[in-house]
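As the structure is a prediction and not an experimental result, all values here were calculated from the model.
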Amino acid sequence: MKQNMVGWFEIPVLDMDRAKTFYDTVFEIGIQVQDFGGTLMGWFPWAEGKTGASGSLILQPDWYTPSKKDGVLVYFSSEDVQTELDRIEAAGGQILKPKTQISPEVGYMALFVDTEGNRIALHSRS
């Protein structure tokens with residue numbers, strides 16, 4: 001392969017403003033929202049030449065439904081998952097699994113539910 005397998009992801013939302021506020025707060029970023037003929041997409045920051053995939057929040061109820069249990073699980077990379085975990089509940093989310101070591105070689109993970117009802121994961125080496 002010439003690139004990593006994942007090139008893009010979309011996280012379903014029910015309320016774009018609420019979801020944008022949650023992710024901006026937890027990750028200390030600035031999501032940009034675009035309207036594509038009634039489909040709202042909130043773009044996560046992306047930097048040319050850096051590793052990892054980018055994606056967006058998406059509000060399109062005919063095609064996307066948030067889920068706490070079903071479907072694909074997105075892992076956001078972090079320097080230390082505890083940093084973002086410390087912001088989850090104050091931003092309106094719920095921690096499902098606290099910072100947990102996967103193994104010394106792989107690092108740590110955590111699970112949370114965002115304000116829209118999506119199960120999301122975090123991963124860090126330390």
Starting from the C-alpha separation in whole Å, work towards a yes-or-no answer on side chain to side chain contact (heavy atoms under 4.5 Å, CB included) for Y23 and L57.
-> CA-CA 9 Å; Y23 283 95; L57 304 174; 3.8 Å; yes

Should D80 and R125 be marked as a salt bridge (charged side-chain N to carboxylate O under 4.0 Å, His left out) after you check the CA-CA gap, both sets of side-chain angles, and the distance that decides it?
-> CA-CA 7 Å; D80 180 344; R125 294 287 183 180; over 6 Å; no

Candidate pair I11 and D114, rule side chain to side chain contact (heavy atoms under 4.5 Å, CB included), full reasoning = CA-CA 10 Å; I11 298 174; D114 69 10; 4.0 Å; yes

Checking ring-ring contact (aromatic ring centres under 6.0 Å, His included) for the pair F44/F27: CA distance, chi angles, key distance, verdict?
-> CA-CA 10 Å; F44 285 95; F27 292 101; 7.3 Å; no

Could you walk me through whether I58 and L40 pass the side chain to side chain contact (heavy atoms under 4.5 Å, CB included) check?
-> CA-CA 6 Å; I58 188 161; L40 292 180; over 6 Å; no

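Expressed to the nearest 0.5 Å, how far CD of E116 lies from NZ of K68 amounts to 14.0 Å. Note that CZ of F112 is 9.5 Å distant from CG of L96, once rounded to the nearest 0.5 Å. Distance check: I95 CD1 to D86 CG gives 7.5 Å after rounding to the nearest 0.5 Å. Rounding to the nearest 0.5 Å places OG of S56 at 7.0 Å from CE of M16. To the nearest 0.5 Å, atoms CE (M109) and OG (S103) are separated by 12.5 Å. Distance check, rounded to the nearest 0.5 Å: CG of L59 to CD of E10 gives 12.0 Å.
Looking at T21, its side chain never comes within 3.5 Å of a backbone N or O of A19 through a donor-acceptor pair. With hydrogens and angles ignored, the 3.5 Å screen pairs a side-chain donor or acceptor of D24 with a backbone N or O of I31. Looking only at distances, a side-chain donor or acceptor of H123 sits under 3.5 Å from a matching main-chain atom of V106. With R87 contributing its side chain and F22 its backbone, the two residues share no donor-acceptor pair below 3.5 Å. For the pair S124 (side chain) and V81 (backbone), a donor-acceptor distance under 3.5 Å is present. One N or O on the side chain of N118 and one on the backbone of S67 form a donor-acceptor pair closer than 3.5 Å. The backbone N or O of G71 sits less than 3.5 Å from a side-chain atom of R119, completing a donor-acceptor pair.
The six-membered or imidazole ring of F9 lies near that of F76, with a centre-to-centre distance under 6.0 Å.
Within the 4.5 Å cutoff, the side chain of P66 has heavy atoms near those of the L14 side chain. At least one side-chain heavy atom of I88 sits less than 4.5 Å from a side-chain heavy atom of V26. You'll find the side chain of V33 stays beyond 4.5 Å of the side chain of M41, heavy atoms only.
Under the 4.5 Å side-chain heavy-atom criterion for grouping Ile, Leu, Val, Met, Phe, Trp and Tyr, V113 is connected to Y75 within one hydrophobic cluster. Under a hydrophobic clustering in which Ile, Leu, Val, Met, Phe, Trp and Tyr are joined whenever their side-chain heavy atoms come within less than 4.5 Å, directly or via other members, F36 and Y64 fall into the same cluster. A single hydrophobic cluster is not seen to contain both V6 and L122; linkage of ILVMFWY side chains at heavy-atom distances under 4.5 Å, directly or through other members, places them apart.
Shown here is E79, whose CD atom has no more than 12 heavy atoms of other residues, nucleotides or ligands within 6.0 Å. The local environment of CH2 in W8 is crowded, with over 12 non-hydrogen atoms from other residues, nucleotides or ligands closer than 6.0 Å.
Contact between A121 and L73 at its shortest, heavy atoms only, is N-CD1, 3.9 Å. Of all heavy-atom pairs spanning S54 and P45, the tightest one is OG-O, 3.6 Å.
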